[in-house]
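Written out below as C-alpha cells is the structure these notes cover.
What you see is a predicted model; the values in this text were computed from it and never measured.
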Amino acid sequence: MAGEGSSVRAAPVAPGVTAPWVPAKGWLSLGKGVMWAYMFALGMLMGVVAAIAHAPLAALAVGISTLFISVAIHEAGHYMAARRGGMTVLFMRLFVFELAPRRRGWACRVKRYAHRVPVGLVMALPNLATPWRPVFIAFALGGVVANTFQLACLAIALALTHDAYARMLLGVACCVTAMLLANVIPFKAGMESDGLLALRWWRHPPDPRAYPGMRALARMVSGTAIADMPPADAQALKGMSAMHAVWYAVKADQQRGEWAAAAAQLDAWKAAIPAAKPLRSALSDLTEQVRGEIAFAAAISQRDAALLPDKRALRAAGWGNPGLAPRCRAVVAWLDGDINAVIVATIEAMALADDCTDRSLKESERLIGEALAATPLEPAAP
C-alpha cells in the first residue's frame, strides 16, 4: 500500500480549493469483499499444503511466507517507483518492521502501534519542482506492477511443474491474484487503496493546494529549515495536529537560539498529547522527539546538564532525530566552557543528520549548533 505523506490528519484545505475526489460507497463493499477473498485463498493454500505434506506447521509456514513475500515485493515496487519519480521516501513498513532509507544504508526497527496499521506501507513525499500527477500515478501502481511480475514468474513455474506441488503453486498464484485485485479496486478502508490513489490522479487530479500539509513537509525534507518556512507552509505544519504545532514552535525557537521560549513549551506539549489511545500511538515518535527537544532547550536555558534527555529518551527520539545525542554532548561541553568540543559535537550531529533523507535536519543542526555557541554561558541579568 502506498502512503501520500506522514500527517496524522490533513491540514485544512484553503478556501476555494476543491476537496480530493472519492469514489462511490459501493466500491468500499467490493474492496472489502476482495480482501476477504484474499484471506480465503490464503486459507485454501494452507489446506493444500497440509494435504500434500501432512504437516500443519509446514502449511502455516508456507502461508506466512506467501503473505510476507507478496507484501515485501509489493512495497518494494512502491519504493522503486517513488525513487524513480524523485519522491523522498520517509520509511517502509512490513508488518512490525520499519525501514528508513539513509544516504548510506538503512535504519531498521521493530515498531508496534495501538492503532490499526496496514501490513505494508511506503510513506513518501513528492518533489515540489516536478508535476505531481504522473509521479503519484506511477507511485500508486508500483506495487501492482511488482506483484504482476511475481504472478508472471509463478505462472512460468506452474507451467514447468507437473507433480503435486503444482497445486501449491496454483494456490500461491491465487493469493497473489487476490492481492492484486484488492489493491487495484478504488476503495478506502483505513487507508486508501492503490487503485483509488491512481484513479484519482488519473481521472480526477486534485489541486495540489488541497494537500497543504504534504506540501509543507515536502518543502521541509527538501532542505528548508523550520525557521525559514514560508508563512503558509508554517501554518499548514501547525494545522496537522496539536503536537505538530508544538514541534514547530520548539524547533523554530531553537534555531533562533530562543532557549527559554522553547523550554516554556512543556505545558503545551502535555496538553497536546492526545487522549485517544490510537492517536496517541500514531503520534508516539513525534511526542518523544518534542519532549527531548524541550528538555534540551531547558538544559541550556537553566544552565543545568541534569535536565538533558536521559538515555531512554535519546533512544526513543533517535529514530527520527539522530543528531539529538551528540547535541546533548555539545551542551555538556558548552557548560564546561569547551567551545572546541561544542564544535566537534555539532559537526557529529550534522553528519548524522546529513545521512537522513530529510535534508532539513542538517541545516537545523547547523543553526542550533551556531545558536548554542553564540549563547553566553552566564545568563543575562533580569
Kindly indicate whether the side chain of [X], heavy atoms from C-beta on, has any atom under 4.5 Å from the side chain of [Y].
X: Arg102; Y: Cys356; result: yes
X: Leu217; Y: Met240; result: yes
X: Val89; Y: Thr357; result: no
X: Pro101; Y: Tyr79; result: yes
X: Val117; Y: Arg112; result: no
X: Arg303; Y: Thr375; result: yes
X: Arg329; Y: Val332; result: no
X: Val331; Y: Leu308; result: yes

Testing the basics here: between [X] and [Y], what is the closest heavy-atom pair and its distance to 0.1 Å?
X: Pro212; Y: Ala236; value: O-CB, 3.5 Å
X: Val71; Y: Gly120; value: CG1-CA, 3.8 Å
X: Ala198; Y: Leu141; value: CB-CD2, 3.8 Å
X: Ile294; Y: Ala262; value: CG1-O, 4.0 Å
X: Gly320; Y: Pro322; value: C-CD, 3.6 Å
X: Ala81; Y: Ala138; value: CB-O, 3.4 Å

To the nearest 0.5 Å, what is the distance between [atom1] on [X] and [atom2] on [Y]?
X: Leu125; Y: Met87; atom1: CG; atom2: CE; result: 7.0 Å
X: Ile226; Y: Leu361; atom1: CD1; atom2: CG; result: 9.5 Å
X: Ile137; Y: Arg203; atom1: CD1; atom2: CZ; result: 11.0 Å
X: Asp354; Y: Ile347; atom1: CG; atom2: CD1; result: 12.5 Å
X: Trp247; Y: Ser241; atom1: CH2; atom2: OG; result: 10.0 Å
X: Asp358; Y: Leu90; atom1: CG; atom2: CG; result: 8.0 Å

Q: Please determine which of Asp233, Thr224, Asp228 meets the side chain to side chain donor-acceptor pair (under 3.5 Å) test together with Arg219.
A: Asp233
When you measure from the side chain of [X] to the backbone of [Y], do you find a donor-acceptor pair of N or O atoms at a distance under 3.5 Å?
X: Ser70; Y: Val176; answer: no
X: Ser281; Y: Ala114; answer: yes
X: Trp334; Y: Leu377; answer: no
X: Arg109; Y: Leu99; answer: no
X: Gln254; Y: Glu293; answer: yes
X: Arg93; Y: Lys111; answer: yes
X: Asn147; Y: Gln150; answer: no
X: Glu348; Y: Pro326; answer: no
X: Thr287; Y: Leu283; answer: yes

Do [X] and [Y] sit in the same hydrophobic cluster, where Ile, Leu, Val, Met, Phe, Trp and Tyr count as joined when their side-chain heavy atoms come under 4.5 Å apart?
X: Leu367; Y: Phe296; value: no
X: Ile185; Y: Val145; value: no
X: Ile273; Y: Val246; value: yes
X: Ile300; Y: Leu307; value: no
X: Val122; Y: Phe91; value: yes

(Q) Using 30° and 60° as the class boundaries, would you call the ring planes of His78 and Phe139 parallel, tilted or perpendicular? (A) perpendicular
Q) Once the angle between the rings of Trp132 and Phe136 is folded into 0 to 90°, is it parallel (under 30°), tilted (30 to 60°) or perpendicular (over 60°)? A) perpendicular
Q: I would like to know whether Asn127 and Val135 meet side chain to side chain contact (heavy atoms under 4.5 Å, CB included); could you show each step before the answer?
A: CA-CA 9 Å; Asn127 187 333; Val135 169; over 6 Å; no
Q) Ring centres of Trp106 and Phe97 under 6.0 Å apart? A) no
Q. Of Lys362, Arg104, Arg103, which is the lone residue that meets salt bridge (Lys or Arg N to Asp or Glu O under 4.0 Å) with Asp355?
A. Arg104
Q: Scan for salt bridge (charged side-chain N to carboxylate O under 4.0 Å, His left out) pairs involving residues 255-264, sequence neighbours excluded, and state none if there are none.
A: Asp253-Arg256, Arg256-Glu258
Q) Within a radius of less than 6.0 Å around CZ of Phe149, do more than 12 heavy atoms belonging to other residues, nucleotides or ligands occur? A) no
Q: Evaluate side chain to side chain contact (heavy atoms under 4.5 Å, CB included) for Val119 paired with His74, printing each intermediate quantity in order.
A: CA-CA 11 Å; Val119 296; His74 184 88; over 6 Å; no
Q.
Under the criterion side chain to side chain contact (heavy atoms under 4.5 Å, CB included), I'd like the reasoning laid out for Met243 against Arg280: C-alpha separation, chi angles, the key distance, then a yes or no.
A. CA-CA 10 Å; Met243 188 59 70; Arg280 188 165 65 250; over 6 Å; no
Q: Inspect the contact between Arg366 and Glu363 and indicate whether a charged nitrogen and a carboxylate oxygen are less than 4.0 angstrom apart.
A: yes
Q: Test side chain to side chain contact (heavy atoms under 4.5 Å, CB included) on Lys251 and Ile368 and set out the steps.
A: CA-CA 9 Å; Lys251 295 300 292 184; Ile368 293 173; 3.7 Å; yes
